[in-house]
Undergrad: 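Mind looking over this structure? Questions follow.
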Amino acid sequence: MARDMIRDILAREKPGGPVTVQGWARTVRAQKHVIFMQLNDGSCLADLQAVVAEDHPDFAALRVIGAGAALEVTGELAESAGKGQRFEIMADQITVHGDADPTAYPLQKKRVSFEVMREKLAHLRPRAKTFGAVFRVRNALSHAIHTFFQDRGFVWVHTPIITASDAEGAGEMFRVTTLDPVAPPRTQAGDVDFGKDFFARPTFLTVSGQLEAELYALALSNVYTFGPTFRAENSNTSRHLAEFWMVEPEVAFCDIHGNMDLAEAFLKHLFRTVLDDCAEDMAFFNQWIEKSTCKTLEHIVESPFERLTYTEAVDLLERSGEKFEYPVSWGKDLQSEHERYLCEKKIGRPVIVTDYPKDIKAFYMRLNDDAKTVRGMDVLVPRLGEIIGGSQREDRLDVLERRIDECGLDPSHYWWYFDTRRFGSVEHAGFGLGFERLVQFVTGMANIRDVIPFPRTPNNADY
RNA sequence: UCCGGCUUAGCUCAGUCGGUAGAGCAAGUGGCUGUUAACCACUGGGUCGGCGGUUCAAAUCCGUCAGCCGGAGCCA
């Protein structure tokens with residue numbers, strides 16, 4: 001008989017008919033005359049209860065089935081005689097595909113902290129309710145990202161994982177090499193000779209696909225990247241990973257205003273989609289993980305985003321009378337506390353701050369006519385602060401070369417990037433979104449390591 | 001990487017003044033009216049994060065390394 005997914009069964013209007021469910025036992029409650037088995041197959045948060053009556057030929061053997069066993073149950077779908085669920089299966093045929101020794105299986109009916117699941121049980125944690133919900137929502141967000149861009153005619157560009165450029169000079173990079181680490185070839189000066197390495201030059205794992213995405217935007221007009229990026233920073237926080245996924249749209253013939261419109265529509269689409277399509281999982285997060293998450297997302301979807309220049313934002317903060325741990329002054333980057341004050345207390349909805357001082361932003365952002373600020377933009381949301389960072393790019397060759405020089409970067413690494421400003425340059429803009437931070441924000445999960453299947457952090461790559 | 005806290009049974013934790021270890025949950029066994037993290041009774045379960053030091057004696061004091069948590073920096 002064909003398999004029925006629990007999600008589909010629970011969506012039925014009426015009981016009746018034989019069904020076959022394949023899944024894992026969440027708990028088994030064996031009584032003298034009846035056994036209740038709670039089954040989950042990952043298709044949704046809810047379990048389906050299988051009822052084994054006393055006259056079942058295997059009743060005695062089935063009493064000792066423990067949590068974690070892989071089971072296949074066929075039987076009539078009935079209206080539940082007990083409270084707590086609409087339907088249940090009156091088990092007819094039961095196959096135990098794989099038992100789980102209860103003295104050894106760690107996910108028993110008890111609370112296990114996220115830390116333990118992450119450190120000792122990362123291989124089994126997708127079977128826990130919270131992680132099932134996290135990874136279904138993560139999937140829904142990935143899908144929504146592609147849908148948003150594909151529906152608007154954007155081309156998904158697969159930018160390289162291995163790169164020779166150091167992008168924006170932002171962050172330590174992981175070196176990629178096939179040289180013998182014990183006895184690498186040396187130059188006459190005694191340095192490691194990367195000319196003899198696999199690519200005949202030093203190479204690294206990418207820290208951003210933005211520069212490559214710009215090349216493709218200046219040919220295909222609307223593009224986006226969505227893939228893994230790597231930072232070798234020794235960051236030990238609940239918001240950083242050494243390997244994470246990033247979304248980076250890039251649009252030609254577009255200035256910073258078009259960029260802001262895109263970012264606003266993008267976030268609203270993502271939040272609307274999870275609220276609609278992941279209602280059961282989102283209700284779970286709202287009840288157990290972060291009590292304000294659904295309200296916050298609804299509020300963002302319904303609110304027009306406020307747009308302020310950095311100079312206006314600093315002015316508002318200075319006049320606010322609010323005491324900040326870090327004082328505000330023009331020229332310094334906004335701290336998380338400033339960002340949160342702006343959109344939570346002062347404005348009361350998402351805020352996009354633009355036109356930052358050039359000295360606190362990257363070389364590729366377009367210089368304004370005042371020669372002091374650049375066309376960068378940060379999208380700030382309640383509870384998190386910055387969720388998106390982007391800019392209109394510097395499209396003038398002479399200004400770009402000057403900025404590279406000012407930032408102390410080696411222009412010889414960027415000859416191909418300069419060529420796009422030499423041949424058919426046009427204004428263009430884009431932004432970046434850290435995917436795990438998005439998942440974190442939507443689910444309310446406190447630690448970023450719990451929203452990626454296999455977190456990579458300093459001293460941790462066990463699974 | 002910096003500051004602070006923490007690391008004891010499978011899990012969550014207690015452990016006084018330094019005298020060699022305790023609870024709840026989970027598990028096992030038995031019982032049980034259709035249960036919902038079922039319930040009731042009993043039972044088993046420990047290299048006190050690693051290494052080193054002080055002491056007659058260390059879970060406890062000191063040093064060091066590692067990890068986790070919170071904050072900061074870096075950033076996404």
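Letters go in sequence order (proteins before strands), and every chain restarts at 1. Quick caveat: nothing in here was measured; it's all calculated off a predicted structure.
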Undergrad: Regarding A:Q49, tell me which of base, sugar-phosphate or nothing describes its non-hydrogen contacts under 4.0 Å with the strands shown.
TA: base
Undergrad: The side chain of A:S80 is closest to which nucleotide in this list: B:G28, B:U36, B:G34?
TA: B:G34
Undergrad: If you only use heavy atoms from C-beta on, which nucleotide in B:U35, B:A27, B:A38 is closest to the side chain of A:T27?
TA: B:A38
Undergrad: Under 3.5 Å, is there any donor-acceptor pair linking the side chain of A:H33 to the base of B:C32?
TA: no
Undergrad: How many Å lie between NZ on A:K109 and C1' on B:G24, as a whole number?
TA: 16 Å
Undergrad: Choose from B:C69, B:G10, B:G34 the nucleotide whose nearest atom is closest to any side-chain atom of A:K110.
TA: B:G10
Undergrad: Ignoring the backbone of A:Q108, work out which of B:A26, B:C11, B:G73 is nearest its side chain.
TA: B:A26
Undergrad: How about A:F226 and A:F149: are their ring centres within less than 6.0 Å of each other?
TA: no
Undergrad: How close or far is atom P of B:C75 from atom CG of A:N234, stated in whole angstroms?
TA: 15 Å
Undergrad: Looking only at the side chain of A:F36 (C-beta and beyond, no hydrogens), which of the listed nucleotides B:C11, B:C74, B:G34 gets closest?
TA: B:G34
Undergrad: Within the 4.0 Å heavy-atom criterion, would you say A:K129 contacts the bases, only the backbone, or no part of the nucleic acid?
TA: nothing
Undergrad: Is there a donor-acceptor contact under 3.5 Å from the side chain of A:E337 to the main chain of A:Y326?
TA: yes
Undergrad: Select base, sugar-phosphate, or nothing to describe what A:E115 touches, counting heavy atoms under 4.0 Å on all strands.
TA: sugar-phosphate
Undergrad: Checking the side chain of A:R86 only, and the main-chain atoms of A:E13 only, is there a donor and an acceptor separated by less than 3.5 Å?
TA: yes
Undergrad: Rounded to the nearest angstrom, tell me the gap between atom CG in A:N236 and atom P in B:G5.
TA: 18 Å
Undergrad: NA contact type, A:I388, heavy-atom cut-off 4.0 Å: base, sugar-phosphate, or nothing?
TA: nothing
Undergrad: The side chain of A:N460 is closest to which nucleotide in this list: B:C68, B:A27, B:U1?
TA: B:C68
Undergrad: Checking A:E339 side chain against A:G385 main chain: does a donor-acceptor pair fall under 3.5 Å?
TA: no
Undergrad: So what does A:G432 touch, heavy atoms closer than 4.0 Å: a base, only the sugar-phosphate, or nothing?
TA: nothing
Undergrad: Using whole Å, report how far CG of A:D55 lies from P of B:G34.
TA: 14 Å
Undergrad: Taking the C1' atom in each of B:A38 and B:C61, what is the distance between them to the nearest angstrom?
TA: 48 Å
Undergrad: Assess the pair A:F230 and A:F204: is the distance between their ring centroids shorter than 6.0 Å?
TA: no
Undergrad: Would you state whether a donor and an acceptor, one from the side chain of A:S235 and one from the base of B:C75, lie under 3.5 Å apart?
TA: no
Undergrad: Identify which nucleotide among B:G34, B:C75, B:A27 has an atom closest to any side-chain atom of A:V51, counting heavy atoms from C-beta outward.
TA: B:G34
Undergrad: With a 4.0 Å cutoff (strictly under), does any side-chain N or O of A:R26 reach OP1 or OP2 of B:A38?
TA: no
Undergrad: Out of B:U35, B:G34, B:A27, which nucleotide sits closest to the side chain of A:A81?
TA: B:G34
Undergrad: When the P atoms of B:G15 and B:U54 are considered, how many whole Å apart are they?
TA: 29 Å
Undergrad: Between B:G34, B:A72, B:C75, which nucleotide gets closest to the side-chain atoms of A:H240?
TA: B:C75
Undergrad: Please confirm whether any donor atom in the side chain of A:E233 sits under 3.5 Å from an acceptor in the base of B:U1, or the reverse.
TA: no
Undergrad: Taking donor-acceptor contacts at under 3.5 Å, does the side chain of A:E88 reach the base of B:G34?
TA: yes
Undergrad: Closest to the A:Y326 side chain: B:U35, B:A72, B:G28?
TA: B:A72
Undergrad: If you count the non-hydrogen atoms of other residues, nucleotides and ligands that lie under 6.0 Å from OH in A:Y216, is the total more than 12?
TA: no
Undergrad: Need one value for A:R239: base, sugar-phosphate or nothing, where a base atom within 4.0 Å counts as base even if backbone is also close, heavy atoms only.
TA: base
Undergrad: Distance check needed: B:C11 P versus A:R125 CZ, whole Å only.
TA: 17 Å
Undergrad: So does A:Q85 reach the base of B:U35 with its side chain, donor to acceptor, closer than 3.5 Å?
TA: yes
